[in-house]
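Position 1 is the first residue of the sequence; numbering continues from there. Side chains included, hydrogens not; waters and symmetry mates left out as well; all remaining heavy atoms used.
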Amino acid sequence: MSFLWKASPELNYSFICGMYGGGSVLAFLLYALIPSSPEDHFKEESWQRDVSDTLQGTYLIFIPFIPCFLWSLYMKFVASAAGSTIIQEEDKKQKEE
């Protein structure tokens with residue numbers, strides 16, 4: 001299970017973070033589009049009520065993106081810290097030569 005907490009140098013964590021961030025934003029937007037009580041907002045049958053009924057619960061599909069986004073932020077931080085350490089070690093070796 002150590003692969004969950006150790007950054008892989010082959011992966012682009014900025015891209016992963018962006019994709020999970022997009023899914024998280026989509027989850028929040030879909031949740032915000034659902035009115036608290038559609039009956040109060042739409043008294044008569046209309047396309048808004050149809051859209052509201054269709055989107056009811058759709059945000060649940062995208063909820064797993066939120067913890068994945070937090071994980072990818074952590075991995076991006078770990079990867080950048082590991083990358084800066086490797087660069088510092090290479091600079092030391094070049095100075096010694």
Side-chain angles (χ1 to χ4, degrees):
M1 295 293 284
S2 66
F3 67 91
L4 289 174
W5 307 112
K6 291 184 181 178
S8 175
E10 294 89 24
L11 294 177
N12 183 356
Y13 288 104
S14 296
F15 177 76
I16 295 170
C17 192
M19 291 296 105
Y20 284 145
S24 299
V25 167
L26 191 57
F28 285 120
L29 286 175
L30 288 172
Y31 182 74
L33 286 175
I34 300 171
S36 58
S37 59
E39 292 80 21
D40 294 340
H41 293 284
F42 311 118
K43 297 288 184 193
E44 58 191 49
E45 291 294 321
S46 65
W47 68 270
Q48 291 105 343
R49 185 175 185 143
D50 292 339
V51 170
S52 175
D53 290 343
T54 303
L55 291 178
Q56 194 73 27
T58 307
Y59 70 94
L60 292 173
I61 297 168
F62 296 96
I63 290 292
F65 280 91
I66 296 170
C68 293
F69 175 64
L70 296 175
W71 171 82
S72 67
L73 283 176
Y74 170 78
M75 292 304 284
K76 184 177 176 182
F77 173 74
V78 169
S80 67
S84 64
T85 306
I86 291 171
I87 291 172
Q88 289 173 356
E89 290 174 3
E90 288 176 357
D91 288 343
K92 281 184 183 179
K93 288 179 184 178
Q94 288 179 354
K95 288 179 182 178
E96 290 175 357
E97 294 174 354

Measure across K6 and M75 and return the closest heavy-atom pair with its distance rounded to 0.1 Å. O-CE, 3.3 Å
Rounded distance (nearest 0.5 Å) linking atom SG of C17 with atom CH2 of W71: 10.0 Å
When rounded to the nearest 0.5 angstrom, what is the spacing between CZ in F65 and CG in L70? 13.5 Å
Would you call S24 and F62 a side-chain contact if the rule is heavy atoms closer than 4.5 Å? no
Could you give the distance from OH (Y20) to NZ (K76), rounded to the nearest 0.5 Å? 14.5 Å
Quick one: are Y74 and V78 in side-chain contact, heavy atoms under 4.5 Å? yes
Taking a hydrophobic cluster as the set of Ile, Leu, Val, Met, Phe, Trp and Tyr residues connected by side-chain heavy atoms closer than 4.5 Å, whether directly or through intermediates, do M19 and Y59 fall within one such cluster? no
Answer yes or no: is there a side-chain heavy-atom contact under 4.5 Å between L30 and L26? yes
Group every Ile, Leu, Val, Met, Phe, Trp and Tyr by side-chain heavy-atom contacts under 4.5 Å, then state whether F15 and V25 land in the same group. no
Between the side chain of Y13 and the main-chain N/O of S8, is any donor-acceptor distance below 3.5 Å? yes
Which pair of non-hydrogen atoms, one from P64 and one from P67, has the smallest distance, and what is that distance? O-CD, 3.3 Å
Under 4.5 Å between side-chain heavy atoms, hopping through other hydrophobics if needed: is there a path connecting L73 to F28? yes
Is there a path of hydrophobic side-chain contacts, each under 4.5 Å between heavy atoms, that joins L29 and Y31? no
